[in-house]
Amino acid sequence: MLIDQSGCLAAAGAFSPDERAAVYRAIETRRDVRDEFRPEPLPEELIARLLGAAHRAPSVGFMQPWNFVLVRRSETRERVWQAFQRANEEAARMFSGEAQEKYRSLKLEGIRKAPLSICVTCDRTRGGTVVLGRTHNPQMDVYSTVCAVQNLWLAARAEGVGVGWVSIFHESEIKEILGIPEHIEIVAWLCLGFVDRLYLQPELAVKGWRQRLPLEDLVFEEGWGLPQGRV
């Protein structure tokens with residue numbers, strides 16, 4: 001590796017074909033896991049690697065606004081599952097007819113089955129009131145925390161660990177259960193555990209909830225609504 005004279009920069013270049021393939025494989029085969037978790041606990045050194053990957057995520061102003069609350073106790077996970085159940089029933093009633101029936105048939109969490117949960121939070125006060133890069137878009141700290149979630153998720157896929165993101169709950173209930181301060185924002189509740197199998201396609205697509213949109217319909221060039229290559 002070539003290092004510049006200041007010692008702050010290193011040579012950059014494309015990965016080897018095998019390394020590139022591994023990165024894209026992790027991206028393409030990552031799944032939101034709900035029901036395929038094995039019961040054995042994750043080794044501590046593996047959890048440390050996953051958290052290290054999350055902590056190396058990009059963050060606006062290098063504010064690193066995340067915290068990670070590890071939850072292993074079944075009693076705590078049961079309380080969180082009860083909070084999920086209450087919110088999930090509210091969500092089900094927002095649909096009607098066949099959509100409600102389909103919604104109720106979906107498995108939407110693995111809180112009780114996965115051996116580990118991680119509550120990922122964002123401290124919106126970290127870095128002070130003025131943070132480089134967040135001056136005109138205050139949501140950038142939350143976006144940065146989502147990058148940490150994605151880092152952890154891709155690292156987990158490479159390690160054979162399934163991850164499920166639970167978002168159906170009232171934040172105030174989870175804060176009370178975990179003693180999270182009022183000014184801290186919950187970004188994700190993640191369920192983690194070893195998995196032997198994953199769906200070939202996203203589970204919601206397999207079960208007919210929604211299908212992946214064509215990429216060509218989502219890419220514009222030089223302005224909104226201008227199809228790529230037709231400018």
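Fair warning: this is a prediction, and the values are worked out from it, not measured in the lab. The analysis underlying the following values was restricted to heavy atoms, covering all of them including side chains, and did not include hydrogens, waters or symmetry mates.
Remark: side-chain polar atoms of E109 are paired, donor with acceptor, to backbone N or O of I111 under 3.5 angstrom. Between the D32 side chain and the W165 main chain, a donor and an acceptor come within less than 3.5 Å of each other. With hydrogens and angles disregarded, no donor-acceptor distance shorter than 3.5 Å links the side chain of K102 to the backbone of G208. Distance alone, capped at 3.5 Å, places no donor-acceptor pair between the R210 side chain and the L204 backbone. At least one donor-acceptor pair under 3.5 Å links the side chain of K113 to the backbone N or O of D35. A donor-acceptor pair is defined here as one N or O able to donate and one able to accept, closer than 3.5 Å; no such pair exists between the side chain of T76 and the backbone of R72. Between the side chain of R20 and the backbone N or O of F15, at least one donor-acceptor pair lies under 3.5 Å. In terms of modelled atom types and a separation under 3.5 Å, the side chain of R31 and the main chain of L200 share a donor-acceptor contact. Looking only at distances, no side-chain donor or acceptor of N67 sits under 3.5 Å from a matching main-chain atom of T121.
For the atom pair CZ (R79) and CD (E173), the distance works out to 10.0 Å, reported to the nearest 0.5 Å. Remark: L190 CG to L116 CG distance equals 9.0 Å, nearest 0.5 Å. Atoms CH2 and OG, from W209 and S105 in turn, are 8.5 Å apart once rounded to the nearest 0.5 Å. Separating the CZ atom in R124 from the CZ atom in R134 is a distance of 6.5 Å, to the nearest 0.5 Å. We find the CD-CG distance between E159 and L50 to be 6.0 Å, quoted to the nearest 0.5 Å. Note: K175 NZ to I186 CD1 = 6.5 Å, rounded to the nearest 0.5 Å.
Residue-environment remark: CD (E78) exceeds the threshold of 12 foreign heavy atoms within 6.0 Å. Atom CD of Q85 has more than 12 neighbouring heavy atoms from other residues, nucleotides or ligands inside a 6.0 Å radius. The neighbour count for E98 CD, taken as heavy atoms of other residues, nucleotides or ligands under 6.0 Å away, does not exceed 12. The environment of F62 atom CZ is sparse: at most 12 non-hydrogen atoms of other residues, nucleotides or ligands sit within 6.0 angstrom. The local environment of CD in E45 is crowded, with over 12 non-hydrogen atoms from other residues, nucleotides or ligands closer than 6.0 Å.
Between S74 and R77, the closest side-chain pair of non-hydrogen atoms falls below 4.5 Å. Contact annotation: the side chain of Y199 approaches that of K207 to within less than 4.5 Å [non-hydrogen atoms, C-beta and beyond]. Two residues are said to be in side-chain contact when any heavy atoms from C-beta on lie closer than 4.5 Å; V80 and V71 fail this criterion. Annotation: side chain of L192 is in contact with side chain of L152 (closest heavy-atom distance under 4.5 Å). V149 is not listed as a side-chain neighbour of W66, based on a closest heavy-atom distance of 4.5 Å or more. In this structure, the side chains of V161 and L42 come closer than 4.5 Å at one or more pairs of heavy atoms. With contacts defined as side-chain heavy-atom distances shorter than 4.5 Å, the pair I177/Q82 does not qualify.
Under the 4.0 Å criterion applied to side-chain N and carboxylate O atoms, R104 and E89 are assigned as salt-bridge partners. Comment: R212 does not engage E28 in a salt bridge, judged by the lack of any side-chain N to carboxylate O separation of less than 4.0 angstrom.
Taking every heavy atom of both residues into account, L154 and I27 meet most closely at CD2-CA, 3.8 Å. Closest approach of C122 and V187 over heavy atoms only: CB-CG2, 3.8 Å.
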